[in-house]
Peer 1: 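Dumping the structure here so I can ask a few things about it.
By convention in this document, chain letters (A, B, ...) are assigned in the order of the sequence lines, proteins followed by strands, and residues within each chain are numbered from 1.
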Protein chains: 2
Amino acid sequence: MPTPERTNVDAIVTAATEILEHQGVDALTMQAVATAVGVRAPSLYKRVRSRNDVIRLVMERIAIDLGDALDAAVDGIRDPRDRALALLRATRAFAHARPDSYSLLFARLPDDALPEPAVLAGTIAGVLRVSTELVGDEHALEAARTLTAWVHGFVSMELADRFRMGRDVDEAFEYGSRRIADALAMTAG
Amino acid sequence: MPTPERTNVDAIVTAATEILEHQGVDALTMQAVATAVGVRAPSLYKRVRSRNDVIRLVMERIAIDLGDALDAAVDGIRDPRDRALALLRATRAFAHARPDSYSLLFARLPDDALPEPAVLAGTIAGVLRVSTELVGDEHALEAARTLTAWVHGFVSMELADRFRMGRDVDEAFEYGSRRIADALAMTAG
DNA sequence: ACCTGAACACCGTTCAAGT
DNA sequence: ACCTGAACACCGTTCAAGT
């Protein structure tokens with residue numbers, strides 16, 4: 001006689017995301033997830049292939065959340081330079097609010113822990129759009145990469161607390177962001 | 001009667017660095033290091049406090065290597081803008097040559113796995129020097145952070161293979177690097 | 001059809017016992 | 001003084017056995 005399902009993939013991903021954000025990626029074990037959803041660890045393998053599979057599903061959810069945050073950040077702003085700055089600030093705000101999630105999004109992981117490329121493409125669609133407005137079609141991709149690399153580099157150094165930042169970190173971020181946005185905007189003409 | 005020492009900290013760090021670079025950070029286990037230096041895992045604890053301690057020592061060695069590579073890269077170049085570009089390219093070359101070492105240098109790690117701040121300060125001393133030449137004293141720190149964040153962001157996205165880069169990655173790097181160096185140089189006047 | 005305990009092959013780390 | 005086997009508390013994962 002079939003026993004009723006006591007959990008499902010959605011509950012697993014939700015529990016895993018919460019563990020990641022409250023206790024860090026090392027605490028994201030199959031046993032911790034199992035306990036959170038009310039089963040034993042082996043039962044999880046009826047829903048997911050492996051721990052890397054859980055990480056993949058969590059990453060996809062985070063990527064969508066970041067994409068939504070970026071879209072919301074530029075909504076209502078007209079000037080392309082201001083829209084670019086809004087993207088940069090929103091990325092940094094997301095990283096501060098959910099540091100472990102943000103870090104996972106850019107961590108070096110085995111292939112079977114990586115999301116569908118389409119999901120990640122959706123996340124940066126907005127960045128590519130704003131980059132096109134800023135520098136035109138020809139160099140839109142390079143500009144998008146410049147913006148993304150800059151903000152990711154800054155934020156990841158902040159999160160890792162490496163090369164200790166002084167006190168005026170916000171100012172350093174604005175300084176670099178404005179300079180980069182200006183440099184890109186100038187190439188449009 | 002005292003038994004002779006069969007290993008030492010230096011051999012441990014060398015073995016650990018080689019495992020890191022050939023097999024990745026997950027393969028850097030106490031057992032693997034112990035086997036490589038010819039003892040059993042528990043013996044390592046006579047030389048190091050913990051696995052995090054091994055990681056800290058490995059990171060310090062990597063940080064010094066990167067600092068040396070950066071110093072060598074600007075040697076003989078006069079123009080501050082060219083010196084800045086040389087630093088950026090040398091950082092990227094180091095990351096390509098030793099991807100697992102480079103990634104470790106910027107990974108989020110527990111405090112007891114982090115090097116002495118002085119070691120990391122030494123690594124970026126050259127960047128700060130070039131930044132001062134480029135933008136003057138007042139904004140040298142912000143400029144150094146801009147350069148460092150840009151190159152680290154670009155390289156870490158390359159290494160993580162996230163947001164798949166197209167084929168002209170080299171061109172995108174040069175595009176962004178030149179634009180950023182120019183933008184910084186302009187603020188000097 | 002789903003869930004579980006037991007098991008396997010690993011981890012990092014501690015410690016009493018050996019030399 | 002150093003090294004080791006054994007042990008402890010964990011991992012991820014598999015699988016036969018239960019319902």
Peer 1: Using Watson-Crick and G-U wobble pairs with both distances under 3.5 Å, what is the 5'-to-3' dot-bracket string of DNA chain C, with [ ] for crossing pairs and | for pairs outside the strand?
Peer 2: ||.|||||...|||||.||
Peer 1: Are A/Val119 and A/Phe94 connected in the hydrophobic side-chain network, where two residues link if heavy atoms are under 4.5 Å apart?
Peer 2: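 Different hydrophobic clusters.
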Peer 1: Rounding to an integer number of Å, can you tell me how far B/Leu28 CG sits from C/dC10 C1'?
Peer 2: 16 Å
Peer 1: Any heavy-atom pair between the side chains of B/Thr29 and B/Ile19 that's under 4.5 Å?
Peer 2: no
Peer 1: Would you kindly give the CG-to-P distance between B/Asp53 and C/dG12, to the nearest whole Å?
Peer 2: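 Rounding to the nearest Å, CG of B/Asp53 and P of C/dG12 are 14 Å apart.
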Peer 1: Please work out if B/Arg49 contacts a base, only the sugar-phosphate, or nothing of the nucleic acid, heavy-atom cut-off 4.0 Å.
Peer 2: nothing
Peer 1: A side-chain contact here means heavy atoms from C-beta on lying under 4.5 Å apart; do B/Val74 and B/Arg83 qualify?
Peer 2: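 Sidechains of B/Arg83 and B/Val74: in contact.
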Peer 1: Which class fits the ring pair A/Phe173 and A/Trp150: parallel under 30°, tilted 30 to 60°, perpendicular over 60°?
Peer 2: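 Parallel, since the angle between the ring planes stays under 30°.
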Peer 1: Taking the minimum atom-to-atom distance to the side chain of B/Tyr45, which one of C/dT13, D/dG5, D/dG12 wins?
Peer 2: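 Nucleotide nearest to B/Tyr45's side chain: C/dT13.
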Peer 1: Measuring to OP1 and OP2 of C/dC11, would you say a side-chain N or O of B/Arg51 lies under 4.0 angstrom away?
Peer 2: no
Peer 1: Kindly point out which of D/dC2, D/dG5, C/dC3 is positioned nearest to the side chain of B/Lys46?
Peer 2: D/dC2
Peer 1: Side chain to side chain donor-acceptor pair (under 3.5 Å) between B/Thr14 and B/Arg61: does it pass, once the steps are laid out?
Peer 2: CA-CA 9 Å; B/Thr14 299; B/Arg61 185 170 291 190; 2.9 Å; yes
Peer 1: Taking the side chain of B/Pro42 as its heavy atoms from C-beta onward, which of D/dG5, C/dG5, C/dG12 lies nearest to it?
Peer 2: D/dG5
Peer 1: Please give, in whole Å, the distance from D/dG12 P to A/Ile55 CD1?
Peer 2: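 In whole Å, D/dG12 P and A/Ile55 CD1 are 9 Å from each other.
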Peer 1: Rounded to whole Å, how long is the line connecting atom CG of A/Asp26 with atom P of D/dG12?
Peer 2: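 Taking CG of A/Asp26 and P of D/dG12, I get 11 Å after rounding.
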Peer 1: What nucleotide among C/dG12, D/dT13, C/dT4 has an atom nearest to a side-chain atom of B/Met30?
Peer 2: C/dG12
Peer 1: Is B/Ser43 touching bases, backbone alone, or none of the nucleic acid, heavy atoms closer than 4.0 Å?
Peer 2: base
Peer 1: Out of C/dC11, D/dC2, D/dC11, which nucleotide sits closest to the side chain of A/Thr29?
Peer 2: D/dC11
Peer 1: Would you indicate, yes or no, if D/dC10 has its OP1 or OP2 atom less than 4.0 angstrom from a side-chain nitrogen or oxygen of A/Gln31?
Peer 2: no
Peer 1: Separation of A/Asn8 atom CG from C/dA1 atom P, in whole Å?
Peer 2: 18 Å
Peer 1: For a 4.5 angstrom cut-off between non-hydrogen side-chain atoms, does A/Arg89 reach A/Glu174?
Peer 2: yes
Peer 1: Could you state the atom-to-atom distance from CG of A/Asn52 to P of D/dG12 in whole Å?
Peer 2: 10 Å
Peer 1: To the nearest angstrom, how far is A/Leu44 atom CG from C/dT4 atom C1'?
Peer 2: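 Distance check: A/Leu44 CG to C/dT4 C1' gives 12 Å.
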Peer 1: Send over the distance from B/Arg40 CZ to C/dC11 P, rounded to a whole Å.
Peer 2: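 So the CZ-P distance, B/Arg40 to C/dC11, works out to 14 Å.
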Peer 1: With respect to A/Arg47, which candidate in A/Val54, A/Leu57, A/Val39, A/Ile12 satisfies the side chain to side chain contact (heavy atoms under 4.5 Å, CB included) definition?
Peer 2: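 Answer to the side chain to side chain contact (heavy atoms under 4.5 Å, CB included) test with A/Arg47 among A/Val54, A/Leu57, A/Val39, A/Ile12: A/Ile12.
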